[in-house]
Asks: 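Take this structure first; my questions come after.
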Amino acid sequence: MAANEDNLKKIISHAKEYGYVFQSSEIYDGLSAVYDYGQMGAELKKNIKDYWWKAMVNMNENIVGIDAAIFMHPTTWKASGHVDAFSDPLIDNKDSKKRYRADVLIEEHLEKIRLKTEKDVAKGIKRFGDDFDEEQFRATNPNVLRNQTKIDDINARFKLAMDNDDLAGVKTLIEDLGIACPISGSKNWTDVKQFNLMFSTEIGAVAEAANTIYLRPETAQGIFVNYLNVQKSGRMKIPFGIAQIGKAFRNEIVARQFIFRMREFEQMEMQFFVRPGEEMKWYEHWKEQRFNWHQSLGIDEKYYRFHDHVKLAHYANAACDIEFDFPMGFKELEGIHSRTDFDLKQHEEHSGKKLQYFDPEINESYVPYVVETSVGLDRTFLAILSAAYTEEKLENDTERTVLKLPAFLAPIKVAVMPLTRKDGLPEKAREILTILKYDYNCNYDEKDSPGKRYRRQDAIGTPFCIMVDHQTLEDNTVTIRDRDTMQQERVAIDKIEAILKDKLDLRKVLN
RNA sequence: GCGGGCGUAAUUCAGUGGUAGAAUGCCAGCUUCCCAAGCUGGACGUCGGCGGUUCGAAUCCGCUCGCCCGCUCCA
C-alpha cells in the first residue's frame with residue numbers, strides 16, 4: 001500500500017515534469033480537483049479518444065457518433081432523475097464526525113418502527129397459531145395502528161420539509177424523533193445541508209428573466225434526447241448504437257486522487273438500443289467487447305477485473321464495472337449498464353413526445369431498451385499512464401524511467417536524431433523528419449549524447465528513435481531503436497515508413 | 001465536511017528566528033559520440049497566499065488555498 005501511494009506520487013511528479021498533467025490555475029495556487037493536460041497529455045488523451053472512436057464507431061456498422069451540447073433543457077435533468085437524486089440532504093454528527101444522509105437516517109428510524117409491528121405480528125402467530133388472523137390484527141391492533149400513524153406522520157413531515165426546501169425542518173424532525181448516531185450514540189447534530197452535485201449557471205442575458213441551467217452531469221442524456229433524430233436521419237435499424245465523447249461536470253463533495261475524480265471530466269460512452277427482452281444478450285455482448293478493448297491496450301490482464309453491481313440503480317436491471325488496479329487500488333474504470341427503457345420512457349413522459357421505434361421485423365412499435373457502456377477518458381488516461389510508468393535497473397547498474405505506453409497511443413511516435421551535430425548529419429536527419437512528419441508526430445533532438453537523448457525519449461514514452469550516423473551518409477541506412485528492448489536495428493531509409501506503419505498498425509490491436 | 005500528513009527552484013529534498021542551499025534537470029558554448037561522460041558559463045525561488053508576534057520570520061502563531069491518506073460521498 002505504502003509503495004503504491006508512493007507510486008502515485010511518482011506518477012504525478014512525472015506527469016507534471018514531462019508535460020502530461022498540470023494542476024489547473026497553478027500560479028493562483030490551483031483549483032481543487034481540476035487539472036489541465038499539457039503538451040504530452042493532450043496528445044495521449046487525443047490518441048485514446050481516437051482509438052476508442054475507431055473501435056466503437058468506425059469498426060461497427062450499426063454505431064454512429066454524435067457530439068451533443070453541454071447545456072441541455074433543464075427538464076432533461078428532471079426526467080433523468082438527477083435533480084432529485086443528485087441533491088441529498090446531509091447531516092453530520094458532531095461527536096463521531098460521521099456524515100449521514102438525512103433521508104436515510106429517517107428511513108432507518110421508520111424501519112425500526114415497522115420492525116416493532118412485525119414483532120407484534122410474530123408474537124401473535126406464536127401465541128395463537130393457525131387461529132391468528134394476521135390481516136385483522138394489522139387492521140385493528142392498537143399498537144400496530146399507533147405505529148402506522150407514527151410512520152405516516154413522519155413521512156408527511158419529511159415530505160413537507162423537503163418539498164419546501166426546509167432543511168431546518170428536517171433537522172428538527174431528526175431531533176424530535178430522537179435519532180442518535182449509530183457510532184457515537186449522541187444526538188449532537190449539525191445543521192442539514194443540501195449538496196447539489198450539478199453545477200448551475202444562468203442562461204439569458206437579462207438577470208431577472210434568466211433561467212437556471214445545468215452543466216450536464218453525464219453525457220448519456222444528450223444521446224437519449226437525440227435518439228429519434230439519429231434513428232430517422234441515419235435510417236438506423238435496431239439494434240444500433242450512438243456513441244459520444246464529451247465533458248461532464250459534477251460538483252463532488254470530495255474530489256481527489258489526481259485525475260481519477262475531477263469536477264470536470266470526460267466520458268466516452270455508447271448507448272445501444274435494442275429490442276425489449278434482448279437486452280441481456282447485448283449486455284453480455286458489450287461486457288465482453290469492452291473488456292477486449294481494454295485488453296487490446298496490451299496492459300497485463302491482472303490489472304483488470306469485473307465487479308457486478310448487487311444493488312442496482314433505479315434505472316438498471318443489470319450493471320457491472322470494469323475495474324482497474326490503479327496505484328490506489330482497484331477502482332471503477334468503465335460501467336456497463338442495462339438501463340431498460342427507463343430513460344426514454346422518462347423523456348416521453350416529460351416531453352410529451354413519442355420516442356418509439358417501429359420494428360418491421362416483428363411489425364410492432366416499442367420504446368427500445370438501452371445497454372450503455374460508459375468509460376472515463378481521464379481514468380483510462382490514468383490507467384494507461386500508471387501501468388506504463390516503469391523504473392528499470394539496467395545492466396550497467398544505472399536506472400532509467402520509461403513510459404511503456406502502447407506505441408499507437410504514444411504522444412510522440414518517433415524521434416529523429418543525428419549522432420553528432422557535424423558532418424551533415426543534422427541535415428540528413430531533418431530530411432528524414434520531413435518525410436515522416438506528415439504521418440506521425442515526431443521529435444527532433446541533436447543536443448547532448450545519444451544515451452541522454454534516448455533517456456529523454458524514454459521518459460515521455462516515445463516508442464521509436466531513429467539515429468542518423470556516419471554510415472547513413474554512405475549507404476542511406478539508419479538505426480531504429482526500440483524503447484522497451486533498447487535494441488537497435490539497421491534499416492534502409494526508404495523502408496522506415498513501411499516499418500513504422502507495420503509497428504503502429506491498428507489491425508494488430510483491433511483484431 | 002471531519003481527522004491525519006504535507007507545501008522551499010522544473011523534479012526530489014536539506015535548511016527551526018539573523019533576509020536560501022544541494023542533487024538531478026534545463027539553456028549556451030567547448031569536447032566526446034550509440035544508452036543520463038566531462039569542462040566552462042548561465043537562467044529559474046517575494047520559501048503556496050494573507051495577516052500577526054518580533055529589531056528581524058522559510059522557521060513561531062492565526063486564517064486561507066492546494067496536494068496526499070483515512071472516514072464520508074460517488075443516482
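Sequence lines set the chain letters: A, B, ... in the order given, protein chains first and strands last, and positions in each chain run from 1. Just so you know, these numbers use all the heavy atoms, side chains as well, and skip hydrogens, waters and symmetry mates.
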Asks: Got a sec, which residues hit side-chain contact (heavy atoms from CB on, under 4.5 Å) with E175(A), two or more places apart in sequence or on another chain?
Replies: K171(A)
Asks: Show me the pairs that pass salt bridge (Lys or Arg N to Asp or Glu O under 4.0 Å) and involve residues 335-353 of chain A, at least two apart or across chains.
Replies: E218(A)-R339(A), R339(A)-D343(A), R339(A)-E372(A), D341(A)-K345(A)
Asks: Once you round it to whole Å, what is the distance between C1' of C74(B) and CZ of F265(A)?
Replies: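 Taking CZ of F265(A) and C1' of C74(B), I get 10 Å after rounding.
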Asks: Output yes when at least one side-chain N/O atom of K16(A) is less than 4.0 Å from OP1 or OP2 of A10(B), else no.
Replies: no
Asks: Please state how far atom CD in Q257(A) lies from atom P in C73(B), giving the value in whole angstrom units.
Replies: 15 Å
Asks: With the threshold set at 4.0 Å, does a side-chain nitrogen-carboxylate oxygen contact exist between K404(A) and E392(A)?
Replies: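 A salt bridge is present here (some side-chain N lies under 4.0 Å from a carboxylate O).
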Asks: Starting from C1' on U12(B), measure out to NZ on K9(A) and report it in whole angstrom.
Replies: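 About 11 Å, once rounded to whole Å.
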Asks: What distance, rounded to whole Å, do you find between the two P atoms, one in U11(B) and one in G52(B)?
Replies: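 Each nucleotide's P atom is 30 Å from the other's.
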Asks: Report yes if a donor N or O on one partner sits less than 3.5 Å from an acceptor N or O on the other, where the partners are the side chain of R256(A) and the base of G66(B); otherwise report no.
Replies: no
Asks: If the sugar-phosphate is the primed atoms plus P, OP1 and OP2 and the base is the rest, what is the B/S/- string for nucleotides 26-35 of chain B, using protein heavy atoms under 4.0 Å?
Replies: S-SS---BBB
Asks: If A23(B) has a Watson-Crick or G-U wobble mate with both distances under 3.5 Å, name it; if not, just say none.
Replies: U11(B)
Asks: If you measure from the C1' atom in C2(B) to the same atom in U72(B), how many Å do you get, rounded?
Replies: 9 Å
Asks: Could you tell me the separation between the CZ atom of F249(A) and the CD atom of E266(A), rounded to the nearest 0.5 Å?
Replies: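 Separation between the atoms: 9.0 Å.
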Asks: To the nearest Å, give me how far apart CE (M262(A)) and P (G66(B)) are.
Replies: 16 Å
Asks: C27(B) and A37(B): how far apart are their P atoms, nearest whole angstrom?
Replies: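 It comes out at 14 Å once rounded to the nearest Å.
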Asks: Give me the distance, rounded to whole Å, that separates A14(B) from A20(B) when you measure between the C1' atoms they each carry.
Replies: 11 Å
Asks: Does anything in residues 456-498 of chain A pair up under ring-ring contact (aromatic ring centres under 6.0 Å, His included), and if so which pairs, sequence neighbours excluded?
Replies: none
Asks: Could you please name the partner base of C71(B), counting Watson-Crick and G-U wobble pairs only when both distances are under 3.5 Å?
Replies: G1(B)
Asks: Nearest whole Å is fine: how far is C68(B) C1' from I11(A) CD1?
Replies: 14 Å
Asks: Syn versus anti for U32(B), judged by chi lying within 90° of 0?
Replies: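 Here the answer is syn: the torsion falls within 90° of 0.
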Asks: Please report whether the ring centroid of Y37(A) lies less than 6.0 Å from that of F22(A).
Replies: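 Ring centres of Y37(A) and F22(A) not closer than 6.0 Å.
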Asks: Only pairs at least two apart or in different chains count here, so list each salt bridge (Lys or Arg N to Asp or Glu O under 4.0 Å) that has a residue in residues 413-423 of chain A.
Replies: none
Asks: Check salt bridge (charged side-chain N to carboxylate O under 4.0 Å, His left out) between R157(A) and all other residues, then give those that pass, not counting sequence neighbours.
Replies: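 Scan of R157(A) (salt bridge (charged side-chain N to carboxylate O under 4.0 Å, His left out), adjacent residues dropped) gives D176(A).
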Asks: Could I get the full list of side-chain contact (heavy atoms from CB on, under 4.5 Å) partners for I12(A), not counting sequence neighbours?
Replies: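 Applying side-chain contact (heavy atoms from CB on, under 4.5 Å) to I12(A) gives L8(A), F258(A).
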Asks: Ignoring the backbone of H82(A), work out which of G66(B), A75(B), G3(B) is nearest its side chain.
Replies: A75(B)
Asks: Return the nucleotide paired to G17(B): Watson-Crick means purine N1 to pyrimidine N3 with N6-O4 or O6-N4, wobble means G-U with N1-O2 and O6-N3, both under 3.5 Å.
Replies: none
Asks: List for me each residue that meets side-chain contact (heavy atoms from CB on, under 4.5 Å) alongside H73(A), sequence neighbours excluded, and say none if there are none.
Replies: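 Only T75(A), T76(A) meet the side-chain contact (heavy atoms from CB on, under 4.5 Å) criterion with H73(A).
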Asks: Scan every strand shown for a Watson-Crick or G-U wobble partner of C39(B), both distances under 3.5 Å, and answer none if you come up empty.
Replies: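 For C39(B), the partner nucleotide comes out as G29(B), under the 3.5 Å rule.
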Asks: Between C6(B) atom C1' and L8(A) atom CG, what is the distance in whole Å?
Replies: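 The distance from CG of L8(A) to C1' of C6(B) comes to 15 Å, rounded to the nearest Å.
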Asks: Does the separation of the ring centres of F306(A) and F291(A) fall below 6.0 angstrom?
Replies: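 Yes, the ring centres sit under 6.0 Å apart.
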Asks: Between A9(B) and G3(B), how far apart are the two C1' atoms, rounded to whole Å?
Replies: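 Roughly 33 Å separates the two C1' atoms.
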Asks: Across all strands, who's sitting opposite U46(B) as a Watson-Crick or G-U wobble pair, both distances under 3.5 Å?
Replies: none
Asks: Polar atoms only, N or O, under 3.5 Å: list the protein pairs with nucleotides 44-49 of chain B and their distances.
Replies:
residue	atom	partner	partner atom	Å
G48(B)	O2'	D29(A)	OD1	3.0

Asks: Using whole Å, what does the distance between atom C1' of nucleotide C69(B) and atom CD1 of I12(A) come to?
Replies: 12 Å
Asks: Between P on C67(B) and CZ on F260(A), what's the gap in Å once rounded to a whole number?
Replies: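 Distance, rounded to whole Å: 16 Å.
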Asks: Give none if C60(B) has no partner; otherwise give the nucleotide forming a Watson-Crick or G-U wobble pair with it, both distances under 3.5 Å.
Replies: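 C60(B) is paired, partner G52(B).
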